[in-house]
Amino acid sequence: MEPVKTVENVAFNVLKQAVIYLPDDVKQALKKGYAEETSETGKTQLRAILDNIELAEKSQAPVCQDTGTIIFYIKAGAKAKNLDKIEEAITNATRRATNNIPLRPNAVDPFTGKNSGDNTGKYIPFINWEIVPGDNIEMTVMTKGGGSENVCIGGMIVPGEGIKGLKKFVIDAVIKAGAQPCPPNILGIAMGGGADISMRLAKKTLLKPLTEHNPNPEIAKLEEEIFEAANMTGIGPMGLGGKTTVLGVHIDYAYRHPASFPAAVAFNCWAARRASARIDASGTVEYLTHKLEW
Ligand code: SF4
């Protein structure tokens with residue numbers, strides 16, 4: 001098969017995997033939340049979410065009607081061929097996926113309010129590029145729900161407040177968000193760099209499995225502390241009360257300017273959809289997060 005067509009097909013397949021099948025780590029965390037939830041209403045909500053996940057898989061339909069904004073993360077080997085054609089292949093795959101899966105058309109021109117109808121438009125699907133050694137192409141898609149996107153927040157902490165200020169910033173954001181991001185949520189947190197850098201890092205941490213904690217024990221401890229604190233807010237599943245408000249917390253950071261302490265919280269909803277694949281130089285495809293089930 002023509003290599004560019006392979007990229008298009010893989011982009012289509014990861015999109016389809018992502019919107020129908022939640023990753024195992026997310027399903028396991030929801031099941032654990034259900035087993036441990038003590039609020040009757042919270043438990044009912046988690047049961048409905050788990051039933052919904054099962055139904056989506058059985059009927060091969062998206063797990064949520066909001067199939068999100070489509071964001072790709074490409075790790076491109078510096079020696080990989082046809083890198084200049086990847087954007088076009090991803091756009092074609094997005095159009096096909098919108099028609100065939102189908103996906104809800106979620107790309108609107110901010111000036112005219114007109115929906116493009118096929119999930120494409122200026123900068124959308126958005127592609128985050130990373131150049132790495134080698135000749136493989138690793139592709140990850142995140143389809144990001146609007147409700148959880150609406151409460152993502154970036155800000156500046158007083159540098160003197162440091163980590164204490166960061167904790168307050170995050171928990172204030174969780175309380176203010178309440179039911180809006182369809183809890184239980186996953187929190188991607190980042191600090192440093194700059195306003196744009198911290199948000200970009202925060203969102204990228206949402207790609208990490210929930211079973212993966214920060215390799216730095218101090219940061220892993222902070223992830224745990226924020227996880228505990230967020231689950232003490234009582235917001236609970238779908239904001240109806242309970243102790244399962246977040247499923248996990250990931251933290252990343254960049255060095256900061258001495259006068260600035262940028263911080264960002266990226267929320268993901270329970271429909272935390274992501275899927276990855278790797279294409280090697282010979283065109284062999286390996287699906288990394290899901291088995292191809294069709
Ligand atoms: S925020 Fe997530 S769970 Fe809620 S409607 Fe949007 S995609 Fe669905």
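Numbering of ligands and ligand atoms starts at 1, following listing order.
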**Q** Within the stated cut-off of 2.8 Å, is an N/O/S atom of C182 closer than that to atom 4 (Fe) of ligand 1?
**A**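 Given the 2.8 Å cut-off, C182 counts as a ligand of atom 4 (Fe) of ligand 1.
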**Q** So if I count the atoms of ligand 1 from 1 in the order they appear, which ones are less than 4.0 Å from some heavy atom of G145?
**A** 6 (Fe), 7 (S)
**Q** For ligand 1, is S148 a contact, meaning one of its heavy atoms is under 4.0 Å away?
**A**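 Right, S148 reaches ligand 1.
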**Q** Side chain, backbone, both or neither: which part of R273 has a heavy atom under 4.0 Å from ligand 1?
**A** side chain
**Q** Can you name the atoms of ligand 1, numbered from 1 with element, that are less than 4.0 Å from a heavy atom of Q65?
**A** 5 (S)
**Q** Restricting to N/O/S, name the atom of D66 that gets closest to atom 6 (Fe) of ligand 1.
**A**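 Restricting D66 to its N, O and S atoms, the minimum distance to atom 6 (Fe) of ligand 1 goes to OD2.
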**Q** Distance to 0.1 Å, residue and atom name: give those for the protein heavy atom nearest to atom 8 (Fe) of ligand 1.
**A**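 In this structure, atom 8 (Fe) of ligand 1 has C64 SG, 2.3 Å as its nearest protein heavy atom.
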**Q** Using distance alone, with no hydrogens and no angle criterion, decide if Q45 and Y34 have a side-chain donor and acceptor under 3.5 Å apart.
**A**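 No.
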**Q** Would you mind listing which atoms of ligand 1 come within a distance below 4.0 Å of any non-hydrogen atom of W270?
**A** 3 (S)
**Q** Answer with yes or no whether the side chains of R104 and T67 bring together a donor and an acceptor at under 3.5 Å.
**A** no
**Q** Quick test: of every protein heavy atom, which one is nearest to atom 2 (Fe) of ligand 1, and how far off is it to 0.1 Å?
**A** C269 SG, 2.3 Å
**Q** Please tell me whether N119 and T98 have a donor and an acceptor in their side chains that are separated by less than 3.5 angstrom.
**A** yes
**Q** Do S148 and K144 have side-chain N/O donor and acceptor atoms under 3.5 Å apart?
**A** yes
**Q** Quick one about N185 and N268 (side-chain donor to acceptor, distance below 3.5 Å, no hydrogens or angles considered), yes or no?
**A**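 No, because no side-chain N or O of N268 sits under 3.5 Å from a partner of the opposite role on N185.
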**Q** Do the side chains of E37 and K43 get close enough for a salt bridge, i.e. N-O under 4.0 angstrom?
**A** no
**Q** Classify the side-chain pair N100/R95 by whether it contains a donor and acceptor separated by less than 3.5 Å.
**A**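 No, because no side-chain N or O of N100 sits under 3.5 Å from a partner of the opposite role on R95.
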